[in-house]
Amino acid sequence: MRSRFISPTAHLLCCNSNPDTPLHFLPTNLRLPSPQATVESLGRLVDGCASPSCLPTLRRLHCQLLTRGVLHPNPSMGIKLMRAYSSCGDPAATRQVFDVTPDRNIIFFNVMIRSYVSHGRYGDALGVYSGMSAYGVRPDHYTYPCLLNACKGAEHLLGGLQIHGAVTKVGLDSCPFVGNTLITMYSRCGVLSEAERVFKGMPYRDAVSWNSMVAAYAQKGEPDRALQICKQMAVSGGVRPNAATLASILPAMTSITSDDASLVRKLFDDMPRKGLISWNAMIAIYAYNSKVTDAVELYNQMVSEGVEPDAITFVSVLPACGDLSALALGSQIHDYVKKKKMCPNLFLENALVDMYAKCGSLQDAREVFDGMKEKDVVSWTSMISGYGMHGLGEDAVILFESMQKSGLKPDHIAFVSVISACSHAGMLKEGKHYFSCMMDQYQLIPTVEHFTCMVDLLGRAGCLEEAYDFVKKMPLEPDERVWGALLSACRVYQNMTIGLAAADHLFKLVPEESGYYVLLSNIYAKAGRWEDVTAVRNIMRSRGIQKSPGCSNVEFNNRVHKFLMGDKSHPQSREIYAKLDILVAKMKESGYVAVTDSALHDLEDEDKECHLAVHSEKLAIAFALINTSSGTPIRITKNLRICGDCHYASKLISKITGRKIVIRDMYRFHHFEDGACSCGDYW
DNA sequence: CAATCTTGGT
């Protein structure tokens, strides 16, 4: 058995045994030990080799150790060498040192096993274990956690059970290290009941034990259980929730209630010493749950408390910037990233591309995208959907084709992006092509998102019958989004019959969603059926549904200025309304007549005009016109779909003032320039 | 004597 570990060429081992890197080709500026270096100082040099770039140095040191004959008489030197090779990413070299060492103690075995585990070579790790007893070395309380990690990594429940048995037999099951690893092993192998049994049976539970249980439930998607354990931890466990606790519940923190978010925030606030990980976890929880303002606020607080953000912080904050259209903050972060040379970093660059695209700055997005050393499907998809949002379907399609040529396989989301890009650009034929391509060429089963895109594609192109037919024939139950896409198309093309059918489904599916009532009433209003508009309004009233207030944001002086419909709370309110009066007068000279069917109520025309005049996007435009110098593009983000009147008005204002106006509504970007919009009045 | 182990974040 012993010979298993001794390689037949072990005696030949030397630093230049790898034919790819002969000694005399190695860089000469490597730090080499002086001839009188002590064993201790050699050891320190070996310890200093901790990343793949140190591998050449390490090989030369290894050579020195052999020629000086200090390796085998000093077991600690062999261990240092193995550990160094392992952290340089070379488990094979680690094994070679292991194999040629004459009298291996338990630590050699432990380091060897750990090296294999950290390189994902779980089978090899377990192989070393099975050779131990024949060599006459007994596993100890350091060995078992490593082995359990191997089973965890391989999701090898049977092996885990066997090792659990061995642990119990030698009485190491009371060791907290072993117990904690047992919990995570069982949890990763999907046996939560066993994880919980180990946890309950532990004589001494530390923070890691509690956090491991929290992680187990969080990863299983049980936020309630996970939070419950967090709370128990503080009262009965005698340990306080810490950074790792927050990080552990993260996986369960998607779409949680506001109450749960506050609960987690309280855990966070109660932490006496908050480190980077705590801040990152809390910010991520806000970002996951679309609490973007909270995420950005917490980020600002973090920076003001002197905690240095890292890439993981930004990967949470940047999507929040994108959501808020906070371009100033986003590009500030980009500057910091450049200053600190944090790239290449795939995740970070993907987040930057997405942020720039969502903030309306496609050029910046493209610049980051083009500068990426490595791109994955997410990178391409972010850029494709960026083009799609801006109505640049051609560019989206070109990029989609290049992605395929680069050898990457588009996934579900990539297809959603490209089909929706086609839809927004009116590219019916291409959209249909990608829908079948995804099934035929890539064997991807379309999900309800793809059907929604297709209904949108057909609907926007005016093929309403075909769209309706498509919905009726789809193999999945059409949901809110599918009917919503159909209803929107019916508004654009004035199709009452199909519109009513879609609205009927929507009112059953989501009776509380005000947007669909508004869409239907827009259809009636455009047809002049005011009694039906009134009927819709009455239904809304009887069901207690309020139209969600329109709200527009403009970023100015590093602050996001928020305007609601008819808002008079802004300090510059008087100026804003005065500016608006002047604008409306000028617009009327250019032939502006308010598009009154955008208003929900059957008011007298003049009243409607008043209502429309104070829509939030108009206030935001007036604000930006007052405060920025001529020529500066105006960027506005709106929570709802832009209304017909504001769309028309924005076109005129862009012509009158010579300003570019970029409005992001709920669905896409509208670039207004010289009286025209990039959406081609098709939205 | 020294060397080895557990949770957790894009």
Side-chain angles (χ1 to χ4, degrees), chain A residues 39-40 43-44 46-47 74-84 86 94 97-98 101 104-115 117-118 125 128 137 139-150 152 167 172 175-185 187-188 195 198-199 202 204-216 218-219 226 229-230 233 239 241-253 275-285 287-288 309-319 342 345-352 354 376 378:
Chain A
V39 174
E40 286 74 29
R44 276 194 296 276
V46 172
D47 280 340
N74 293 290
S76 74
M77 196 55 89
I79 287 160
K80 281 178 190 294
L81 197 55
M82 283 175 70
R83 207 181 46 155
S86 180
T94 313
V97 178
F98 178 79
T101 304
R104 279 166 268 153
N105 60 29
I106 175 67
I107 299 168
F108 280 88
F109 283 87
N110 290 345
V111 174
M112 192 63 243
I113 291 172
R114 187 170 129 74
S115 169
V117 173
S118 62
V128 175
V137 170
D140 66 1
H141 62 300
Y142 284 101
T143 321
Y144 288 112
C146 289
L147 294 169
L148 289 167
N149 269 338
K152 179 181 88 175
V167 160
L172 280 174
C175 165
F177 286 120
V178 175
N180 292 341
T181 326
L182 275 169
I183 293 172
T184 48
M185 184 277 293
S187 129
R188 182 72 62 85
V198 172
F199 176 74
M202 285 171 79
Y204 169 74
R205 295 183 205 117
D206 62 7
V208 178
S209 324
W210 286 92
N211 291 342
S212 302
M213 252 356 267
V214 171
Q219 280 157 20
I229 295 179
C230 286
M233 173 175 187
V239 259
N242 58 19
T245 318
L246 275 192
S248 301
I249 38 167
L250 245 180
M253 293 293 108
L276 180 62
I277 294 181
S278 315
W279 288 96
N280 282 354
M282 195 62 231
I283 292 171
I285 289 168
Y288 277 11
D310 68 352
I312 292 175
T313 321
F314 295 143
V315 169
S316 297
V317 178
L318 287 170
M342 295 167 87
N345 177 323
L346 186 63
F347 287 102
L348 190 51
E349 287 161 310
N350 284 350
L352 283 167
D354 189 62
D376 66 359
V378 178

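Worth knowing before you read on, the calculation uses all heavy atoms, side chains too, and leaves out hydrogens, waters and symmetry mates. Just so it is clear: chains get the letters A, B, ... in the order the sequence lines come, proteins before strands, and each one is counted from 1.
- A:Gln219 comes within 4.0 angstrom of sugar-phosphate atoms only, judged by non-hydrogen atoms across all strands, and of no base.
- Taking the 5' to 3' direction, DNA chain B first and last meets chain A under 4.0 angstrom from a heavy atom at B:dA2 to B:dT10.
- A 4.5 Å side-chain heavy-atom check between A:Arg114 and A:Ser86 finds every atom pair outside the cut-off.
- In this structure, A:Ala247 reaches the sugar-phosphate backbone alone: every heavy-atom distance under 4.0 Å involves primed, P, OP1 or OP2 atoms, never a base.
- Smallest separation of non-hydrogen atoms from A:Val214 and A:Ala226: O-CB, 3.9 Å.
- Within 4.0 Å of A:Ser212, counting heavy atoms only, lie sugar-phosphate atoms of the nucleic acid but no base atom.
- Taking 4.5 Å as the limit, some side-chain heavy atom of A:Asn180 sits within range of a side-chain heavy atom of A:Asp206.
- Among the heavy atoms of the strands lying under 4.0 Å from A:Asn105 is at least one base atom, whether or not backbone atoms are also near.
- Under the 4.5 Å side-chain criterion, counting only non-hydrogen atoms from C-beta, A:Lys152 is not in contact with A:Thr181.
- Within 4.0 Å of A:Ile312, counting heavy atoms only, lies at least one base atom of the nucleic acid.
- Taking every heavy atom of both residues into account, A:Ala281 and A:Ala247 meet most closely at CB-N, 4.0 Å.
- A:Asn345 and A:Ala311 make their closest contact through ND2-CB, 3.6 Å (heavy atoms, listed as atom of the first residue, atom of the second, distance).
- Among the atoms of the strands shown, none is found under 4.0 Å from any heavy atom of A:Asn350.
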